[in-house]
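Just the heavy atoms: all of them, side chains too, but no hydrogens, waters or symmetry mates, feed the values below. The chains referred to below are lettered A, B, ... by the order of the sequence lines, with proteins before strands, and numbering in each begins at 1.
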Amino acid sequence: MNTQKSNPRRLLVTSALPYANGPIHIGHLVEYIQTDIWVRYQKLIGNRCVYVCADDTHGTAIMIRARKEGRTEEELIAQMSQSHQADFAGFDIKFDNYGSTHSDENRQLCHQIWASMRQAGLIAERPVAQLYDPEAKTFLADRFVRGTCPNCGRADQPGDNCGACGATYSPIDLIDPKSTLSGATPIVKEALHLFVELEKLHDFLAQWIESGNALQAETANYLKGQFLAKDLRDWDVSRPAPYFGFEIPDAPGNYWYVWFDAPIGYIASTLQWCNANGEKLADWWQSDECEVHHFIGKDITYFHTLFWPGMLKTAGFSLPTKVHIHGFLNVGGEKMSKSTGTLVAAETYLKHADPSFLRYFYATKLTARIEDLDLGPEEFVDKINSDLIGKVVNLASRVGKFASGTGLSETYPDDGGLFANAAAAGDEISQAYETGDYSRAMRRIMELADAANPYVEHARPWDLKKDPDKIDQLRDVCTVALNLFRQLSIYLAPVLPRLADQCGELLGDPIVDWQQSQSPLLGTPVNAFKRMMDRVQIEDLHKMIEDSRVEAAETPSTPAPVWNDSDQPLKAEPLAAEISIDDFAKVDLRIARIIAAEHVPEANKLLKLTLSLGGDERRQVFAGIKAAYQPEALVGRLVVMVANLAPRKMRFGLSEGMVTAAGPGGVEVFLLGVDEGGQPGQRVH
RNA sequence: GGCGGAGUAGCUCAGUUGGUUAGAGCACCGGCUUCAUAAGCCGGGUGUCACCGGUUCAAGUCCGGUCUCCGCUACCA
């Protein structure tokens, strides 16, 4: 591995563009920290490296949110961009340029790339039927529609698939669809859409994926099996007005889908940087001399490995040299969630812990593979306290006070080969950074730190200090310990830039080059030692999670549907006369599980249900819900029943209770459900 | 169901092309030390290397099969 940069590489590096619809959280940070470490490493070894990013600002979600908050999209995205950049800065993530997809540069590049694609004959047009909200006056993406599943009859399901039976469908197939924006019933409306005929690039993409080393083998394999094995589908890249984005120049009234202009934002952000620094875009995006590296999460693999290369190829830009794909973050072994508070906002983290800790922790977890990583609070605390505090910082701390009196020796003393050994490990550590195997790099560095502390122990500087005749020996011990510390700080500099700065300050020699790790610093004074890091407590993390949970509870968890419920239901059935608590107590409501449900052939409204109250307790109940529910879809569900209602003999049999439901009747009947955890037989109080 | 990954000490993991008695860190126990941020040093491991079978002088490592866990995917971009 050549760390002597007589011939530096030119690198253009990106992280995925964060969407301007929410704050940065610790899950996002995996990627930005991963990228920032790589960039800092490249700069440290002397490569020419430019790191660009931008806010991803377009799309329906932004439009809806701005509308809801009563401000313009531009105001919303400006504020978001500011907040994102503050979050990144708080974690020492340092971009060379941070732009926006809503920029002149991006518009210009979108036009250019689009023209190339038109010219290449890749664009087709055809009508698409989509649900349209006549009140909000907008077409509805799948997630803005809810309705009854056409397969199982379960009410209030998302627009693309059923949460109950798992069926997938088009929102157009939903029974009784409702817009989550206005509550209105959407209508089906046709609009012209523009498509990229990706299949025309099939051979090129297959060859690119196969041949290069731009992708990990597992990703190439995934793409081959999942997409390239059959014809590539046309990619719908337009959205009809209204849409917050760029209008397509040769298709008035249509806008580019956010995923068209988002990756172009990489180039646009680079262009901004070029303009500000007197550079030429072509040197970075149209030159074989420049490598392009994308860091992304596994969820957006296919945008970056199919569409994006296709766009770049068609428009004559460089293809990605490498797409670095990482997995998701879990917390405590589980998916992050707002309700448990594990989805911690960057801002919230910073109130409770040092950003360097998260950077280091992620570094110990990251490899070149697409694996999810887990943040366990105990493991986090252990790693930080024993590695960073106990091994690395402590090394400086235990001789710092002596050293400011002695300074560093003129020649490097005998240290039993510690420095030379650690210097020799530089290439291996360097290689681990280069390949994205930070976990390996951290492990090697900690091995070096492990070897350094016994040296101090055996040299006993505290004894040497007591004897004025042994000042030279004391200086030598300090020289060794601080040089070993400095070596560690250099190796850790990509991960812990603050520690590198502190080390540079202590020794009066800034860390700016990986090569500094190869020779000791000698004959210089040592500044007064300043505390470098504080231990982290498990309570800090618990508080962080608790804060996060409270925040989530205060703000609506979903992108806030508009609650403009009609007053009709209440008018149709006014409130009943007041009753006492005792009156209410007479009604024994119980949770029951539907263990069987069948049609009653002679009845036109009834279903015959068998309810379980747990154990062997069974009730047969006839319920007038036939028009609203398929029997098969009911089996297994928990419902609320009136359990002490006098049995009533009906034409079809005895009904031993009543299942509670709301709604005017007919198809409009809605069974009362029970939240997770409720058990048959429990009383409703 | 398909594709991919993983299973090694209580926990997190390392184990290069098969080669001594399978390792590290943390945790835990004992001793020492006191420069340092209740930091440090020394010592302490009976682990069916998930299971079964095979190849081999030799298998954590190679081959076949089984089980478990995870991720992606299931005609959606």
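- Of the C1' atoms belonging to B:rG40 and B:rC35, the separation is 9 Å, rounded to the nearest Å.
- The side chain of A:Asn453 sits closest to B:rC41 out of B:rU33, B:rC41, B:rA14.
- Counting only distance, with no hydrogens or angles, the side chain of A:Tyr243 and the backbone of A:Asn254 share no donor-acceptor pair below 3.5 Å.
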Hey, mind stepping through A:Trp235 and A:Trp259 against ring pair (Phe, Tyr, Trp, His ring centres under 6.0 Å) and telling me if it holds? CA-CA 10 Å; A:Trp235 180 34; A:Trp259 263 110; 8.3 Å; no
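- Taking every side-chain heavy atom of A:Glu379 into account, B:rU12 is the closest of B:rA36, B:rU12, B:rA77.
- Comparing the P positions of B:rG5 and B:rC62 gives an interatomic distance of 13 Å, to the nearest angstrom.
- Within 3.5 Å, no donor on the side chain of A:Glu218 pairs with an acceptor on the base of B:rG4, nor the reverse.
- When heavy atoms are screened at a 4.0 angstrom cut-off, A:Glu371 is found touching the sugar-phosphate backbone but no base atom.
- The side chain of A:Tyr222 lies closest to B:rC72, out of B:rG40, B:rC72, B:rA77.
- Picking from B:rC72, B:rA77, B:rC3 the nucleotide with the shortest atom distance to the side chain of A:Asn221 gives B:rC3.
- A donor-acceptor pair is defined here as one N or O able to donate and one able to accept, closer than 3.5 Å; no such pair exists between the side chain of A:His202 and the backbone of A:Leu198.
- For the C1' atoms, the distance from B:rC52 to B:rC11 is 29 Å, rounded to whole Å.
- Atom CD1 of residue A:Ile264 and atom CG of residue A:Leu17 lie 11.0 Å apart, to the nearest 0.5 angstrom.
- Across all strands, A:Lys383 comes closer than 4.0 Å only to sugar-phosphate atoms, never to a base (heavy-atom distances).
- Comparing B:rC13, B:rU37, B:rU73 by their nearest atom to the side chain of A:Arg443 picks out B:rC13.
- Across all strands shown, A:Trp259 has no heavy atoms under 4.0 Å from either base or sugar-phosphate atoms.
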